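Have a look at the structure below, then the notes.
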Amino acid sequence: MKLPFFTKKQAEVSVFYPNDTIPEHIAIIMDGNGRWAKQRGMPRAAGHKEGVSTVVKIVKTAVKCKVKVLTLYTFSTENWKRPKPEIEFILRLPKDFLSIYLPDLIANNVRIEAVGDIGKLPAHTREAIEDAMERTRSNDGLLLNFALNYGSRDEILNAMKEMFLDINKGEFSLEELDEQKFSNYLYTAGMKEPDLLIRTGGEIRLSNFLLWQLAYTEFWFTDVLWPDFSEKEFLQALEEFCKRKRRYGGL
Ligand code: V0D
C-alpha cells in the first residue's frame, strides 16, 4: 500500500468555495471498508488500510477548502463485537497514521481532537492520540475530530451523569437547565454542530452517531464504499450542500 503524502502546505492552495456557503463542520460515517475488501477477495484489514488512504485524501481536501471541523466516525462502541484480531488491527491504525502524518498535519496547522470514551482504549492507542492532541493544541486551522469508541447514547448518558453530579454539588438547579447547558456535557462541548453529514457505503441510517448534534444537519448519502470515496464525491456533497436552503424550522 502506498499512501499519498501531503506534498505542500495545503492552506496555500486556492479555495473553491466562498467561506460563507461552505459547511463549516462536516461529519462522516466512513462505511464500506470490509465490503470493499470482500469484493476483491482480500481480508477486511486490507479494506481498513485502504480506508486510511481515503482519510488522508479527504483531510487534505478539507484543509484546502478551509473546512473548520471534520468529524470522522472511526470506531463505535458497537465495534467491540467484532472478531478480536480485527479490533486489534483497527486499534493500531491511529498510531500508524500519526507516526506518518503528524508532522504534515502540524505543518498544515491542523488541530487533532477526539470524542468518545477514549479512556477504554488500549494504552498504545490512547497515548498516541493524546500526544497528537497535546502537540496540536494551539493550531487554529482545520479541527480534525476523531470519534473513537464513540456511541451517541453512551455520550448522552455520560453527559446526564456528569450533569447530575454538578447539580447535586449545587452548581446550578434543574430549573436552570437548558439545551445550551446540557450540550456542554457532551463530548462535543464547545464545538459547532455539524452542517453536513456524509455517509458512504449505501446504508441510510445514523448508527448511533451524534444523535443530539445532528438535529438540524443536512444529510448526504452515497453508495460509494469508503475506500473508493474521493475528492470528486466530497466536492459533490459540498456543492449540493451549497444549493440547499436551511431553515432550522423557520420559514
Ligand atoms: C478504519 C475507515 C484513521 C474506518 C478509516 C481506531 C475504519 C480507517 C484513524 C485515526 C480507522 C484515528 C485517530 C487518530 C488518527 C487516525 C483511524 C480507527 C480506524 C479506529 F488520532 N483511520 N482510522 N482510527 N480506519
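Counting starts at 1 for both ligands and their atoms, following the listed order. Since we're looking at a predicted model, the values are computed, not measured.
When the options Phe229, Phe146, Phe75 are ranked by their closest heavy atom to atom 12 (C) of ligand 1, first place goes to Phe146.
Contact annotation for Leu72 and ligand 1: no heavy atom of the residue comes within less than 4.0 Å of the ligand. Contacts of Thr125 with ligand 1, taken as heavy-atom pairs under 4.0 Å, are absent altogether.
Interface of Val55 with ligand 1, defined as ligand atoms under 4.0 Å from a residue heavy atom, comprises 5 (C). Each of the following atoms of ligand 1 lies closer than 4.0 Å to a heavy atom of Ile129: 21 (F). Less than 4.0 angstrom separates some heavy atom of His48 from each of these atoms of ligand 1: 1 (C), 7 (C), 8 (C). Less than 4.0 angstrom separates some heavy atom of Leu91 from each of these atoms of ligand 1: 6 (C).
Within 6.0 Å of the OH atom in Tyr216, the count of heavy atoms belonging to other residues, nucleotides or ligands does not exceed 12. Residue Lys181 qualifies as enclosed at atom NZ: its count of foreign heavy atoms under 6.0 Å is above 12. Lys38 NZ: 12 or fewer foreign heavy atoms inside a 6.0 Å radius. Surrounding CD of Glu179 are at most 12 heavy atoms belonging to other residues, nucleotides or ligands under 6.0 Å away.
Cation-pi geometry between Arg40 and Trp36 is met: under 6.0 angstrom from the ring centre, within 45 degrees of the axis.
Considering only non-hydrogen protein atoms, atom 22 (N) of ligand 1 sits nearest to Val52 CG2, 3.8 Å. Remark: minimum distance from atom 25 (N) of ligand 1 to any protein heavy atom is reached at Leu93 CD1, 3.5 Å. Looking at atom 18 (C) of ligand 1, its nearest protein heavy atom turns out to be Thr74 CB, 3.4 Å. The single protein non-hydrogen atom nearest to atom 20 (C) of ligand 1 is Ile90 CG2, 3.4 Å, given as residue, atom name and distance. Residue, atom and distance of the protein heavy atom nearest to atom 2 (C) of ligand 1 are Asn33 ND2, 3.5 Å.
Ser152 places a side-chain N or O within donor-acceptor distance of the main-chain N or O of Leu211, the cut-off being under 3.5 Å. Of the possible polar contacts, none joining the Thr222 side chain to the Thr200 backbone as a donor-acceptor pair under 3.5 Å is found.
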### Query
Would Arg199 and Glu203 satisfy salt bridge (Lys or Arg N to Asp or Glu O under 4.0 Å), going step by step from the backbone distance to the final call?
CA-CA 8 Å; Arg199 181 172 186 148; Glu203 310 291 353; 5.9 Å; no
